[in-house]
**Q** 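Below is a structure I'd like to ask you about.
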Amino acid sequence: QMHLVESGGGLVQPGAFLRLSCAASERTFSDYLMGWFRQAPGKEREFVAGISLSVYLFRYADSVSGRFTISRDNTKNTVYLQMNSLKPEDTAVYYCAAAEEITNWEDPSEYSIWGQGTQVTVSS
């Protein structure tokens, strides 16, 4: 089964940027729709962004639209999340996830493969 490994998290000040990466272990990565989720302490896991196989279809949560950008490079088996203008409320563990098909991008149960997560902390 394909494995996902996130990287790029860290501690930044409000207004800063980070780019998260999620590397897949298999070349079948290009067969999967990819999503980013996040989970803050005491809260449920929430959808952040999603990208289709052909990179022509994107989905964003309202809370990050205009600040975050999801992209993928199928030649590198990697999906990215560029996060700009970070806010303290963006603090969470960020997970990437893979799905073979999607009816509801925001439903974590539709994703069959998950990474271990990377911590993002936005604080002054």
**Q** Does a side-chain heavy-atom distance below 4.5 Å link Phe17 with Met83?
**A** no
**Q** Are Ile70 and Phe58 side-chain neighbours, meaning at least one heavy-atom pair lies under 4.5 Å?
**A** yes
**Q** Are Tyr111 and Leu57 connected, step by step, through hydrophobic side chains (Ile, Leu, Val, Met, Phe, Trp, Tyr) whose heavy atoms are closer than 4.5 Å?
**A** yes
**Q** Evaluate the side-chain proximity of Phe68 to Gln82: yes if any heavy-atom separation is below 4.5 Å, no if none is.
**A** no
**Q** Indicate, with yes or no, if Tyr60 and Met34 share a hydrophobic cluster defined by side-chain heavy-atom contacts under 4.5 Å among Ile, Leu, Val, Met, Phe, Trp and Tyr.
**A** yes
**Q** List the steps, then state whether side-chain hydrogen bond (donor to acceptor under 3.5 Å, both in side chains) holds for Tyr94 with Arg38.
**A** CA-CA 4 Å; Tyr94 283 70; Arg38 66 187 182 186; 2.9 Å; yes
**Q** Same cluster or not: are Val93 and Tyr80 linked, directly or through other Ile, Leu, Val, Met, Phe, Trp or Tyr residues, by side-chain heavy atoms under 4.5 angstrom apart?
**A** no
**Q** Output yes when a side-chain donor or acceptor of Asp90 lies under 3.5 Å from a complementary backbone atom of Lys87, and no otherwise.
**A** yes
**Q** Please work out which of the three classes, parallel, tilted or perpendicular, describes the rings of Phe47 and Trp105, given edges at 30° and 60°.
**A** tilted
**Q** Can you find a heavy atom in the side chain of Glu46 that is under 4.5 Å from one in the side chain of Gln39?
**A** no
**Q** Checking Ser123 against Gln13: is there a side-chain donor and acceptor pair closer than 3.5 Å?
**A** no
**Q** Decide yes or no for Leu20 and Thr118: does some side-chain heavy atom of the first lie under 4.5 Å from some side-chain heavy atom of the second?
**A** yes
**Q** Please check if the side chain of Thr78 supplies one atom and the backbone of Lys76 the other of a donor-acceptor pair under 3.5 Å.
**A** yes
**Q** Starting from the C-alpha separation in whole Å, work towards a yes-or-no answer on side-chain hydrogen bond (donor to acceptor under 3.5 Å, both in side chains) for Thr103 and Glu101.
**A** CA-CA 7 Å; Thr103 55; Glu101 55 183 25; over 6 Å; no
